[in-house]
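This report refers to the structure that appears directly beneath it.
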Amino acid sequence: MKFQYRVNGQIRAREVRIVGDDVESVVMPTSKALQMAEQKGLDLVEISPNAQPPVCRMIDYSKFLYQQKKRQKELKAKQVKVEVKEIRFGPQTDEHDYNFKLKHAKEFLSDGDKVKAYVFFRGRSILFKEQGEVLLLRFANDLEEYGKVEQMPVLEGKRMIIFIAPKKSNAKREETTATESAEPAVAVPEKKKAPKQNSPKEYKGPFVEGEDF
């Protein structure tokens, strides 16, 4: 992205509004604003050309451009890049190969990638296009928990293609499950039994008059 700003002598307006650090917001002739910027060792940069009058800022222009480029890079880095993973089938794919590719598709969708699955028809196998469509619909149904169909099976040349996009809630669900499984079980302390109090023993011997027990 290119940043295009009028700087110093490129500013055409007769007067401008000045903003900046340690600068009072005020309208003044452009010539005077240029003199002020020069005295401070800064540049006069027109940041709002459509305002009346245009708004200019007194800044170090090279530093300003560097900060703008840095901000753009940070924004690009934060953008999620969605990749499209391709999975190829034959019209008569066996069960073992199907399950192997289904496993990979689940991993792709869990990682946030789209899946482009297609059946490739070679030669006379195009006669089995209905069989290929059934296979792709089964594939989408088996991935229902991980993704949603973005495009139903479409025949393009020798390929019948289906697109499956990841579900947004899928990653959150996995994180929640992992957190729950990682939490240690809370042991419930057992209630301590109160010690038994020994009741006074009853004297069962012969009673003798005049003795206390």
Side-chain angles (χ1 to χ4, degrees), residues 1-87 104-118 140 143-152 154 156 159 161-184:
M1 179 178 179
K2 293 183 179 179
F3 303 99
Q4 297 180 351
Y5 299 94
R6 294 192 182 100
V7 184
N8 298 328
Q10 298 174 352
I11 300 172
R12 301 170 185 171
R14 292 183 179 180
E15 59 180 14
V16 293
R17 179 177 294 279
I18 302 299
V19 296
D21 298 333
D22 301 324
V23 176
E24 184 181 355
S25 178
V26 63
V27 176
M28 64 175 64
T30 304
S31 57
K32 185 177 179 180
L34 287 169
Q35 290 176 1
M36 285 181 60
E38 187 177 356
Q39 289 172 1
K40 293 176 178 291
L42 299 173
D43 298 296
L44 189 66
V45 181
E46 189 181 58
I47 56 174
S48 296
N50 296 326
Q52 295 296 330
V55 178
C56 293
R57 191 176 182 89
M58 291 185 183
I59 50 175
D60 183 332
Y61 186 57
S62 58
K63 185 178 180 180
F64 172 74
L65 285 180
Y66 172 77
Q67 290 175 343
Q68 292 292 318
K69 290 177 182 178
K70 184 179 179 182
R71 191 173 299 138
Q72 287 297 319
K73 287 182 180 179
E74 290 174 351
L75 289 174
K76 286 183 180 179
K78 289 180 181 178
Q79 291 177 350
V80 179
K81 294 183 179 179
V82 179
E83 295 185 10
V84 178
K85 304 289 187 179
E86 291 191 356
I87 294 181
H104 280 290
K106 289 178 180 179
E107 292 174 356
F108 295 149
L109 292 169
S110 296
D111 290 340
D113 297 322
K114 288 186 180 181
V115 171
K116 175 185 177 182
Y118 65 92
L143 292 171
E144 188 176 6
E145 293 184 10
Y146 297 84
K148 57 183 178 180
V149 176
E150 204 171 54
Q151 176 186 296
M152 294 297 285
V154 175
E156 297 180 1
R159 295 182 178 186
I161 304 168
I162 190 171
F163 280 92
I164 303 173
K167 284 187 176 179
K168 292 181 180 179
S169 60
N170 189 46
K172 293 182 180 179
R173 185 177 67 251
E174 288 187 352
E175 289 177 5
T176 304
T177 304
T179 304
E180 290 175 353
S181 61
E183 290 180 355

To check you understand the geometry: which heavy-atom pair defines the closest contact between [X] and [Y], and what is its length?
{"X": "Phe163", "Y": "Val84", "result": "CE2-CG1, 4.3 Å"}
{"X": "Glu46", "Y": "Ile11", "result": "OE2-CG2, 4.0 Å"}
{"X": "Leu42", "Y": "Asp60", "result": "CD2-N, 3.9 Å"}
{"X": "Glu156", "Y": "Ile161", "result": "OE1-CD1, 3.4 Å"}
{"X": "Pro54", "Y": "Glu15", "result": "CD-O, 3.8 Å"}
{"X": "Ala33", "Y": "Ile18", "result": "CB-CD1, 3.5 Å"}

Could you grab the distance from atom [atom1] of [X] to atom [atom2] of [Y], nearest 0.5 Å is fine?
{"X": "Leu143", "Y": "Lys167", "atom1": "CG", "atom2": "NZ", "value": "10.5 Å"}
{"X": "Leu44", "Y": "Leu34", "atom1": "CG", "atom2": "CG", "value": "5.0 Å"}
{"X": "Thr30", "Y": "Gln35", "atom1": "OG1", "atom2": "CD", "value": "11.5 Å"}

Min side-chain heavy-atom separation [X]-[Y] under 4.5 Å:
{"X": "Met28", "Y": "Met36", "value": "yes"}
{"X": "Gln68", "Y": "Tyr5", "value": "yes"}
{"X": "Arg17", "Y": "Val26", "value": "no"}
{"X": "Phe108", "Y": "Ile164", "value": "no"}

Take a 6.0 Å sphere around [atom1] of [X] and say whether it holds more than 12 heavy atoms from other residues, nucleotides or ligands.
{"X": "Glu38", "atom1": "CD", "value": "no"}
{"X": "Lys116", "atom1": "NZ", "value": "yes"}
{"X": "Gln67", "atom1": "CD", "value": "yes"}

Is a side-chain donor or acceptor of Asp113 paired with a backbone partner of Lys85 at a separation under 3.5 angstrom?
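Such a contact is absent between Asp113 side chain and Lys85 backbone.
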